[in-house]
Amino acid sequence: MNYTNIGNFPKTKLQWLWENMKGSRGIYIAGMLGTIVYNVLQLTVPYYSGKIVDLFLSGADARENLRTNSNLFYHLLICMVGFTVLRGVIVYVDCMVYEHVSQTVLYRVRNFLYDKIQRQDMTFYSTYRTGDLMTRVTGDLDAVRHMVAWVIRMVIESFSLFGAVAIYFFYMNWKMALCLLIISPLVFFIIYLFKNKVAPMHAKLREKLAQMNTYAQENISGNRVVKAFAREDYEIKKFDQANRDYADTNKATGMVWLKFFPYVEGIADLLPVVMLAVGGVFLIRGEMSMGDYVAFSGLIWAIANPMRQMGNIMNEFQRFSAASQKVMEIYYSQAKIKDAEDAVAHPERFDGKIEFRDVSFQYEDGDLPVLHDISFTVQPNETIAIMGETGCGKTSLINLIPRFYEPTKGEVLIDDIPIETLKLADLRKQIGLATQDVLLYSDTIEGNIAYGDSSIDQKEVEKFAKYSAASDFISKMPEGYDTVVGERGVGLSGGQKQRISLARALAVKPSILVLDDTTSAVDMETEKQIQESLKHLDFPCTKVIIAQRISTTKEADKILVLQDGHITEAGSHEELLAKKGYYYELVRLQTGIDDAVVENSANEE
Ligand code: GTP
Ligand code: MG
């Protein structure tokens, strides 16, 4: 797999995240500072309540103080309430900041990924399954969003709260602080052990999710096959298995923390005990005031909670890590087939000369070459027909013209320009392609025909439909050209789909028209009609036509016969008949008549 540069990204995950916060970094930093501030502000309540207890509630002079210095009492009370309100406001604004930035990052990365995926080459699409890609732009990206919106905030919250309280504890009574904090490094050690255990679980979990999504996606889009073979029960079972796998892995991942949880919880629960025992002794010995004791007790949670939260944070961090790995794989993937750095623009039409020079080709994931030393030339406006048994390499050959793949040897030239020196968009805009398996969009018939050039008007759409012998059946449909066809053209017959696909290829008025078995599903009569209109298009156009029927190929200027990736015969209908090879046999087979008649029919042409 050339697209998976696992662990080999130019940036670390956090650097990558930072890069994608561009434009929101300032506000995000402000948000992080806000988190620190509102956590430090947590100290104000115990601080002021400690003061109030010491001055006005406990101690010998409490009553006296309240009478003589009630102003200070109210001052402390107002400060306590004021800071609490202020803290509430900061938390509120802060939440908005995190949500805003995380959605901005999500939006940006999702668009970027979509753009990347759009621009990938064919090998990419045969490498990645749709369900897996969908998981990356949905579930995985959400884990990235969660990192920005929640995990980072929690890390800062935990550390700032812990840090502030630790400092405050030392400021109040360093001995007491030391007794409470001495056990905290143990928590980090436990979390470290937890991380090592849970990281691979998240990687696995993410794979299971992608697996489940892939099953669902393939099954839904292939539902017709499922129904045809009455395999519903089998598919339901298959999905159930994937679903169970995912649920089990999810459960197992959750369980990992349960193994470590008792230790962390135990340490956290130990804190109040230490407080009671050691604090009590200090209190009795007079080494600590009642106010300080209240402040300590009131803040014990602020060091216990971050400890408890650590497991959760680490869990979410590992989820982010596994997901961002998948997202970054696409983010940093590079299409192999792309514009060369010095690619030449060619906005104007081609004359339409096509030349293959010694072209050999092998799929990257294939074991053997599919095409061997293919050489031929088609002059502008000529028609070339390609024939050959199934699997002999016809589709592979024409896929080299729009540079869907690149030859492993030799080169393809259009108008004597090597196509790899042209800008891809300029090259492909000039090629009208009707692929072997027709894919229509869930859109109106008009929308489908005008897909390659949405600027053409209704009249032109109708003209191209006429060229492809589609206008008759379209006008018979209830809403004519406005009829919406279902996903992948559901609601149309195979031959109807092919004709719309042909109209779509013609509608870009291409300099080169490539038809891959486009009339295989239409009847002879309609095919003849299409042949006739292709001869009289109102724009110049070189045609490359893959076909099995002699009736389609015999009028071509040149016919290529491919066998196992080699050109074995090349020439006009008459020339090939005279050769008495594969083509000749094909004619005999298809016309069902003997040699003499075949030759006669050739002479008549
Ligand atoms: P029909 O359309 O059936 O008439 O065949 P074709 O002549 O168009 O054959 P095509 O060019 O599609 O395939 C030629 C050979 O390449 C076959 O042996 C295929 O198995 C192989 N092939 C086609 N597509 C791929 C691909 O994406 N990857 C790999 N590895 N092999 C492929
Ligand atoms: Mg094919």
Side-chain angles (χ1 to χ4, degrees), residues 1-4 117 120-130 132-133 214 218 333 335-337 354 356 358-376 378 383-410 412 419 431-439 488 494-495 497-499 501-502 505 512-522 527 543-553 556 558-570 576 581-583 585-587 589-590:
M1 285 212 262
N2 296 294
Y3 293 89
T4 47
I117 293 173
Q120 287 297 347
D121 51 36
M122 295 284 178
T123 315
F124 177 90
Y125 285 98
S126 46
T127 307
Y128 289 105
R129 292 180 302 175
T130 313
D132 183 64
L133 288 177
T214 302
E218 282 180 2
S333 63
K336 274 205 175 158
I337 298 181
I354 306 171
F356 273 58
D358 268 334
V359 170
S360 296
F361 173 68
Q362 176 170 353
Y363 287 99
E364 266 176 48
D365 54 347
D367 309 327
L368 292 168
V370 177
L371 297 172
H372 306 265
D373 301 315
I374 304 287
S375 297
F376 65 89
V378 198
T383 299
I384 186 165
I386 303 173
M387 302 190 82
E389 292 157 6
T390 171
C392 67
K394 303 179 295 293
T395 302
S396 309
L397 187 150
I398 56 129
N399 275 344
L400 299 178
I401 303 175
R403 236 181 121 207
F404 289 156
Y405 295 95
E406 282 187 328
T408 25
K409 199 189 99 204
V412 180
I419 56 171
I431 298 174
L433 173 66
T435 51
Q436 192 165 15
D437 27 68
V438 178
L439 199 144
R488 297 166 176 227
K497 276 194 265 187
Q498 284 190 334
R499 281 178 277 166
S501 142
L502 172 60
I512 295 170
L513 179 70
V514 182
L515 307 181
D516 192 348
D517 238 354
T518 303
T519 49
S520 61
V522 301
E527 192 193 2
K543 297 163 204 99
V544 181
I545 300 176
I546 295 179
Q548 303 293 349
R549 289 191 196 143
I550 301 295
S551 51
T552 315
T553 59
K558 190 181 244 177
I559 301 164
L560 295 183
V561 175
L562 270 186
Q563 274 176 310
D564 283 335
H566 296 271
I567 296 183
T568 48
E569 292 171 33
L576 293 194
Y582 175 88
Y583 188 80
E585 285 304 321
L586 212 61
V587 175
L589 215 66
Q590 287 193 12

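Remember, it's 1-based here, ligands and their atoms both numbered in the order they're listed.
- At least one N or O atom of Asp365 sits closer than 3.5 Å to an N or O atom of ligand 1.
- Distance alone, capped at 3.5 Å, places no donor-acceptor pair between the Asp516 side chain and the Ile546 backbone.
- Around atom 3 (O) of ligand 1, the closest heavy atom drawn from Ile386, Asp367, Thr390, Ile546 belongs to Thr390.
- For the ligand labelled ligand 1, residue Gly388 lies outside the 4.0 Å heavy-atom shell.
- Under the 4.0 Å distance rule, the nearest protein heavy atom to atom 32 (C) of ligand 1 falls inside the cut-off.
- With 2.8 Å as the limit, Gln436 counts as an N, O or S neighbour of the Mg ion (ligand 2).
- Using cut-offs of 30° and 60° on the angle between ring planes, the pair Phe361 and Tyr363 is perpendicular.
- For Lys409 and Asp373, the salt-bridge test passes: some basic side-chain N is under 4.0 Å from an acidic carboxylate O.
- Tyr583 places no side-chain N or O within 3.5 Å of a backbone atom of Ile559 that could act as its donor or acceptor partner.
- Distances below 4.0 Å separate heavy atoms of Gln436 from the following atoms of ligand 1: 1 (P), 2 (O).
- Checking only distances, Cys392 does come within under 3.5 Å of ligand 1, N or O to N or O.
- A donor-acceptor pair under 3.5 Å is formed between the side chain of Thr127 and the backbone N or O of Thr123.
- Here the side chains of Leu400 and Glu406 are not in contact, with every heavy-atom distance at 4.5 Å or above.
- The atoms of ligand 1 that sit less than 4.0 Å from any heavy atom of Gly366 are 30 (N).
- Less than 4.0 angstrom separates some heavy atom of Val370 from each of these atoms of ligand 1: 14 (C), 15 (C), 16 (O).
- The distance from the Mg ion (ligand 2) to the nearest N/O/S atom of Ser396 is not under 2.8 Å.
- Inside a 4.0 Å radius of atom 20 (O) of ligand 1 there is not any protein heavy atom.
- By the 4.0 Å heavy-atom criterion, Ser126 is excluded from the residues contacting ligand 1.
- The backbone N or O of Leu562 lies less than 3.5 Å from no partner atom in the side chain of Thr568, so there is not a single donor-acceptor pair.
- Under the 4.5 Å side-chain criterion, counting only non-hydrogen atoms from C-beta, Lys394 is not in contact with Met387.
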